[in-house]
Amino acid sequence: MNPLSKSFFEKNTIRIAKNLLGKYIKHKNMIGKIVETEAYLHDDPASHSFNGKTKRNTPMFDKPGTAYVYFTYGMYHCFNIVTNKKNIGEAVLIRALEPIKGIKQMQKNRGRDDNLCNGPAKLVIAIGITKKHNGVDLLNKNSSIKIFDNKENFEIVQTKRIGISKGKSLPHRFYVKNSKWVSMK
DNA sequence: AGAGTGATGGGCT
DNA sequence: GCCCATCACTCTT
């Protein structure tokens, strides 16, 4: 299992959102397979970067492969990976994982046995991502979070995004067809 | 199965 | 002062 290369994250953001499906994300003893993503573009009214750089969204303008972890709804965090080598503020939100390894630990982190990773805030809690990971370089050897390549064949579904108030019509959500691990709503 | 809602706090006009 | 890329729970069909 090899880590994804720098060039993987330097491509077009939509393409990366699609290509991330099926890949493995690892933190400590836990591994999840990415089954749902959303793309957030620089000219996208739903993107945190839409109105330019601010204190909160600074990591979005950092180099591709950087983690952007933001705080939301007073109690949750969500995990994104910065994309596009132009540093224009684009990222892919990871919305759901299929738990692969360290499921006991995920259950402990979540305080329940099911619905461990089927939502952006849920997976962050399950695999122990915190605000400390905001801005870290996932391509760095020393990063505790890493993304690994995985070859697998499956169909991809492209739909509208979830839980946003602006940019609702854009078809920037992607998930693995028939996966029981995606967030529903 | 679907609709409604409280929790809870940082970000930004 | 309102908004929010959410979740889990309750109440209703």
[X] has an atom [atom1]; how far is it from atom [atom2] of [N], in whole Å?
X: A:E38; N: C:dT6; atom1: CD; atom2: C1'; answer: 12 Å
X: A:M75; N: C:dA5; atom1: CE; atom2: P; answer: 17 Å
X: A:K122; N: C:dC9; atom1: NZ; atom2: P; answer: 10 Å
X: A:H77; N: C:dC7; atom1: NE2; atom2: P; answer: 13 Å
X: A:N134; N: B:dG10; atom1: CG; atom2: P; answer: 15 Å
X: A:Y76; N: C:dC7; atom1: OH; atom2: C1'; answer: 4 Å
X: A:Y73; N: C:dA5; atom1: OH; atom2: P; answer: 5 Å
X: A:I162; N: C:dA5; atom1: CD1; atom2: C1'; answer: 10 Å

Stepwise, does the side chain to side chain contact (heavy atoms under 4.5 Å, CB included) test hold for A:I145 with A:K26? CA-CA 6 Å; A:I145 304 172; A:K26 179 174 186 294; over 6 Å; no
Residue-phosphate contact under 4.0 Å: [X] side-chain N/O, [N] OP1/OP2:
X: A:T72; N: B:dG9; answer: no
X: A:S165; N: C:dC4; answer: yes
X: A:R112; N: C:dC7; answer: no

Just name whichever nucleotide pairs with C:dA5, Watson-Crick or G-U, keeping both distances under 3.5 Å, else none.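 The base-pairing partner of C:dA5, which may sit in any strand shown, does not exist here.
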All N/O pairs under 3.5 Å across the protein-nucleotides 11-13 of chain B interface:
| from | atom 1 | to | atom 2 | distance (Å) |
| --- | --- | --- | --- | --- |
| B:dC12 | OP1 | A:T54 | OG1 | 2.8 |

Quick test of the criterion, 5.5 Å between centres and less than 30° between planes. Is A:Y70 stacked on C:dA5 or not?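 So no, this residue does not stack on that base, at least one cut-off failing.
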Please work out if [X] contacts a base, only the sugar-phosphate, or nothing of the nucleic acid, heavy-atom cut-off 4.0 Å.
X: A:R110; result: sugar-phosphate
X: A:N80; result: base
X: A:K166; result: sugar-phosphate
X: A:A121; result: sugar-phosphate

When A:L97 is tested against each of A:I34, A:N118, A:V182, A:V35 for side chain to side chain contact (heavy atoms under 4.5 Å, CB included), which residue passes? A:I34
Do A:R173 and A:I162 come close enough that some side-chain heavy atom pair is under 4.5 Å? yes
Kindly write out the residues that satisfy ring pair (Phe, Tyr, Trp, His ring centres under 6.0 Å) with A:H27, not counting sequence neighbours, or none if the list is empty.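 Scan of A:H27 (ring pair (Phe, Tyr, Trp, His ring centres under 6.0 Å), adjacent residues dropped) gives A:H133.
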Salt bridge between A:R161 and A:D44, side-chain N to carboxylate O under 4.0 Å? yes
Taking all heavy atoms of A:C117 and all of A:A126, pick out the closest pair and write down the distance. SG-CB, 3.7 Å
Do you know the tightest heavy-atom contact between A:A91 and A:T13? O-CG2, 3.8 Å
